[in-house]
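Please read the structure below before turning to the comments.
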Amino acid sequence: MQPALAHDAHEHQKNKWPQAALQAQAVAEVAQDTVTITLATEISDASQAAVAQQLSKALDDVMAQAKAEGKDKVKASSGNYRIWPMSDKDGKISNWRGRAEIILKSTDFAAASDLASHLSDRMPIDNLDFSVSPQARSEKEAALLQQAAQAFKDRAQALATAFGYDRYDIRQIDLSGEGARYEVASAPQRMSFAAGAAAKVPLEAGTEKVIVSVNGSIFLRSDKK
């Protein structure tokens, strides 16, 4: 029974020490290394079936070229696909319209730009978006975690000292659920291009803020008897 009594005594001793909650963060600017290019086409025809057939052919043709030319450098995937009726002034369906997208994604900006330009005569560029790749974000977060942990320890010791205590014991530690939180820190990066634009796509990425937060609570301890 002695170990249990010793444990109870230890818990009683810990519970008499004051507790404090605090937070520390580490922040870094990370260069956006990934571009996502949205290609889109719209088709109008008298019947829903005709629109669906033309959209499917456009998607198949452009996707085949995208995968052949992009190879391992540019990933191509299907985006939004939609067909809807158009009504006349009397509320009756006059024709059908459809829209389809193909998404190009790559960390090789030159390859993505060239491929988008080659495809733009059949499926124009609708939008550009820049981001940080998961690998780059993960590497930066690992480094920031060390910084945030050290900042937490420094603040905990400073807090203990400020209130006249010698040291602290960590009671609980949590990483913020928004540890991968980021925000665009560069100039606006979303751009639209006129249909049929065959010139090389200018790509200039910005940066994002990556933030890692450490939240926790501590016991303020004193070595004095």
Side-chain angles (χ1 to χ4, degrees), residues 1-38 72 74-75 77 79-80 103-109 112 127-191 203-225:
M1 297 296 294
Q2 185 61 32
L5 292 175
H7 175 75
D8 292 343
H10 178 66
E11 287 300 313
H12 177 74
Q13 181 71 9
K14 287 183 66 174
N15 290 337
K16 79 174 186 177
W17 297 113
Q19 298 179 36
L22 62 155
Q23 180 189 62
Q25 289 185 336
V27 184
E29 294 278 348
V30 182
Q32 295 168 323
D33 63 346
T34 303
V35 62
T36 300
I37 304 177
T38 302
D72 296 331
V74 183
K75 179 181 178 181
S77 60
N80 293 326
I103 310 298
L104 305 179
K105 191 170 186 177
S106 179
T107 56
D108 187 329
F109 286 13
N127 191 65
L128 291 180
D129 193 23
F130 296 95
S131 61
V132 177
S133 65
Q135 180 180 355
R137 184 179 299 282
S138 178
E139 291 174 357
K140 180 55 65 174
E141 286 178 350
L144 290 178
L145 178 57
Q146 298 295 325
Q147 297 177 28
Q150 186 59 53
F152 183 92
K153 291 188 287 186
D154 292 343
R155 296 190 68 181
Q157 185 57 59
L159 179 65
T161 301
F163 283 91
Y165 292 88
D166 300 304
R167 55 190 176 86
Y168 67 91
D169 285 341
I170 293 177
R171 178 177 179 272
Q172 182 179 356
I173 287 289
D174 294 304
L175 290 178
S176 172
E178 296 179 315
R181 182 179 59 194
Y182 65 94
E183 59 190 43
V184 175
S186 60
Q189 303 153 8
R190 297 182 181 273
M191 295 171 267
L203 300 181
E204 184 176 352
T207 60
E208 293 177 6
K209 284 184 180 178
V210 175
I211 305 173
V212 172
S213 299
V214 177
N215 304 275
S217 59
I218 60 174
F219 291 107
L220 302 177
R221 301 292 301 272
S222 177
D223 294 330
K224 298 175 183 178
K225 300 293 185 179

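- In this structure a side-chain-to-backbone donor-acceptor pair under 3.5 Å is present from D33 to S133.
- Considering only heavy atoms from C-beta on, E29 comes within 4.5 Å of K209 through its side chain.
- V74 is not listed as a side-chain neighbour of I37, based on a closest heavy-atom distance of 4.5 Å or more.
- Looking at every heavy atom in both residues, F109 comes nearest to Q32 through CZ-O, 3.9 Å.
- Counting only heavy atoms from C-beta outward, the side chains of K153 and Y168 approach each other to under 4.5 Å.
- In this structure, the separation between CG on D154 and CG on L159 is 12.5 Å, given to the nearest 0.5 Å.
- Atom CD of residue Q172 and atom CZ of residue F219 lie 10.0 Å apart, to the nearest 0.5 angstrom.
- In this structure the side chain of E141 reaches within 4.5 angstrom of the side chain of V210, judged on heavy atoms.
- Taken from CG in N215 to CD in Q25, the straight-line distance is 8.0 Å, to the nearest 0.5 Å.
- Closest heavy-atom contact between V212 and A148: O-CB, 3.9 Å.
- Judged purely by atom type and a 3.5 angstrom limit, Q157 uses its side chain to pair as donor or acceptor with the backbone of D166.
- Contact record, T36 with I103: CG2-CG2, 3.4 Å, taken as the closest heavy-atom pair.
- Atom OG1 in T34 sits 9.5 Å away from atom CZ in R137 (nearest 0.5 Å).
- Checking side-chain atoms of R155 against main-chain N and O of Q23 turns up a donor-acceptor pair under 3.5 Å.
- What you find for L144 and A26 is that their closest heavy atoms are O-CB, 3.4 Å.
- The line from CH2 of W17 to CD1 of I218 is 13.0 Å long, rounded to the nearest 0.5 Å.
- For the atom pair CD of Q150 and CG of L145, the computed distance is 11.5 Å after rounding to the nearest 0.5 Å.
- In this structure, A31 and T207 approach most closely via the heavy-atom pair CA-CG2, 4.1 Å.
- The two atoms that bring Y165 and R221 nearest to each other are CB-O, 3.2 Å, heavy atoms only.
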